[in-house]
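The structure appears below as structure tokens.
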Amino acid sequence: MHRLCPLETNDLETILKWRNALSVRENMYTQNIISLEQHRSWWEKTRIKEDVQYFLYKNGDVPFGVVAFTGIDKYQGHASWAFYADPDAPKGTGSWMEVLALDFALIEIGLNKLYCEVLSYNVGVINKHKKFGFEIEGVFVDQFKNQNGYADIIRLAIFASAWREKRDEILEKLKKY
């Protein structure tokens, strides 16, 4: 059973291991190794924010990833989201996290729009979002600096109406996972 569970303090060490994996870090705004102390400090500040929700993605009872919503504005009907998975997670994990995130934001909470930002070289995630119905809203040129120079940030968004149209098709494809 695929589900999102509210992130709890006792999950921090597990998710920090994933977050510090090179394959995850290289696609995040913060690309340095994060200490447990820094991670705990971040969590203490984050968990009390009213416009933020973090979830642990589980398949059965096994955790495989993190789904985050920030800037949740129920009045205006939008939020930003992000996710990352255990680098050793089974195939289909990212897709299941995306389905659950879209369902949570656009159906359960009832937002009109969900958006995200992806580093331009993370082509796999950009293409995944497009398959789910996201569209590119803009490009922030040379907005992100890392050890290789500058990269663009791609902003993508999906509206609730687009998700409702795509949802059954996506779920049908995910039955194999």
Side-chain angles (χ1 to χ4, degrees), residues 1-31 34 39 43 46 52-70 72 78-137 153-177:
M1 177 178 155
H2 304 276
R3 59 196 170 105
L4 295 178
C5 304
L7 189 66
E8 297 180 7
T9 301
N10 62 355
D11 300 319
L12 290 180
E13 289 187 40
T14 299
I15 68 168
L16 179 62
K17 179 182 165 194
W18 304 336
R19 178 61 180 79
N20 277 336
L22 180 60
S23 62
V24 173
R25 276 189 294 125
E26 66 190 2
N27 292 303
M28 304 291 270
Y29 288 149
T30 303
Q31 296 190 339
I34 299 166
H39 196 55
W43 178 242
T46 300
V52 173
Q53 289 189 307
Y54 272 77
F55 295 93
L56 195 61
Y57 161 73
K58 291 184 177 183
N59 185 352
D61 290 329
V62 181
F64 286 113
V66 175
V67 174
F69 299 93
T70 59
I72 300 168
H78 61 79
S80 179
W81 85 289
F83 73 106
Y84 61 90
D86 175 348
D88 298 320
K91 188 169 174 57
T93 295
S95 293
W96 273 109
M97 287 195 299
E98 191 144 346
V99 163
L100 294 170
L102 292 170
D103 278 355
F104 176 76
L106 302 174
I107 296 172
E108 189 173 327
I109 291 181
L111 300 178
N112 180 53
K113 180 179 181 179
L114 190 63
Y115 58 92
C116 61
E117 294 179 352
V118 182
L119 297 171
S120 59
Y121 53 80
N122 195 351
V123 177
V125 168
I126 293 168
N127 290 336
K128 176 187 292 293
H129 290 331
K130 287 179 177 180
K131 287 179 186 174
F132 276 72
F134 280 81
E135 293 186 14
I136 294 176
E137 285 195 322
I153 296 173
I154 311 298
R155 176 157 167 168
L156 299 105
I158 187 170
F159 288 94
S161 57
W163 176 234
R164 284 191 296 272
E165 289 176 17
K166 292 289 275 188
R167 187 176 186 278
D168 289 343
E169 171 191 334
I170 298 291
L171 284 173
E172 186 62 34
K173 291 177 182 176
L174 282 177
K175 283 183 178 180
K176 60 186 173 187
Y177 299 113

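Being a predicted model, the structure only gives us computed values, none of them experimental.
With rounding to the nearest 0.5 Å, the separation of CG in Asn10 from CG in Leu56 is 9.5 Å. Put simply, CG on Leu111 and CD1 on Ile158 are 12.5 Å apart, with the number rounded to the nearest 0.5 Å. Distance check, rounded to the nearest 0.5 Å: NE2 of His39 to CG of Leu12 gives 4.5 Å. Remark: Ile15 CD1 to Asn20 CG distance equals 10.5 Å, nearest 0.5 Å. Interatomic distance, Gln53 CD to Thr70 OG1, rounded to the nearest 0.5 Å: 11.0 Å. Here the CG atom belonging to Leu106 is positioned 9.0 Å from the OG atom belonging to Ser161, to the nearest 0.5 angstrom.
Qualifying ring-ring contact (aromatic ring centres under 6.0 Å, His included) partners for Tyr177, counting only residues two or more places apart in sequence or in other chains: none. When the salt bridge (charged side-chain N to carboxylate O under 4.0 Å, His left out) test is applied to Glu137, the partners found at least two apart in sequence or on another chain are Lys113, Arg155.
A side-chain donor-acceptor contact under 3.5 Å links Gln31 to the backbone of Glu26. Remark: side-chain polar atoms of Arg25 are not paired, donor with acceptor, to backbone N or O of Arg19 under 3.5 angstrom. At distances below 3.5 Å, not a single donor-acceptor pair connects side-chain atoms of Asp86 with backbone N or O atoms of Trp18.
Looking only at side-chain heavy atoms (C-beta outward), Leu114 and Trp163 stay at 4.5 Å or farther from each other. Side chains of Ile170 and Val99 form a contact here, defined as non-hydrogen atoms less than 4.5 Å apart. Leu174 is not listed as a side-chain neighbour of His2, based on a closest heavy-atom distance of 4.5 Å or more. Asn27 has its side chain out of reach of Tyr84: every pair of non-hydrogen atoms, C-beta onward, lies at least 4.5 Å apart. Tyr57 is listed as a side-chain neighbour of Leu100, based on a closest heavy-atom distance under 4.5 Å.
Residues Phe83 and Gly94 share a closest heavy-atom pair of CE1-CA, 4.1 Å. Summarising the geometry of Ala162 relative to Gly133, their closest heavy-atom pair is CB-O, 4.5 Å, with the distance given to 0.1 Å. Looking at every heavy atom in both residues, Val24 comes nearest to Ala85 through CG2-O, 3.7 Å. Minimum heavy-atom separation, Leu4 to Val67: CD2-CG2, 3.8 Å. Closest non-hydrogen pair, Glu117 versus Ile153, comes out as CB-CG2, 3.6 Å. Taking both residues in full, the closest heavy atoms of Met97 and Trp81 are given as O-CZ3, 4.5 Å, listed atom of the first, atom of the second, then distance.
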Would you sort out whether Leu156 and Val118 count as a side chain to side chain contact (heavy atoms under 4.5 Å, CB included), showing the intermediate values? CA-CA 8 Å; Leu156 299 105; Val118 182; 3.8 Å; yes
Check the pair Lys166, Leu102 against side chain to side chain contact (heavy atoms under 4.5 Å, CB included), reporting the backbone distance first and the verdict last. CA-CA 11 Å; Lys166 292 289 275 188; Leu102 292 170; over 6 Å; no
Decide yes or no on side chain to side chain contact (heavy atoms under 4.5 Å, CB included) for Tyr29 and Leu119, but give the supporting numbers first. CA-CA 8 Å; Tyr29 288 149; Leu119 297 171; 3.8 Å; yes
Go through the steps for Lys173 and Glu169 under the test salt bridge (Lys or Arg N to Asp or Glu O under 4.0 Å), then give the verdict. CA-CA 7 Å; Lys173 291 177 182 176; Glu169 171 191 334; 3.4 Å; yes
Check step by step if side chain to side chain contact (heavy atoms under 4.5 Å, CB included) holds for Phe69 and Ile109. CA-CA 11 Å; Phe69 299 93; Ile109 291 181; 6.0 Å; no
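The six-membered or imidazole ring of Phe55 lies near that of Phe104, with a centre-to-centre distance under 6.0 Å.
Identified under the side-chain hydrogen bond (donor to acceptor under 3.5 Å, both in side chains) test for residues 125-134, with sequence neighbours left out: Ser95-Lys128, Glu98-His129.
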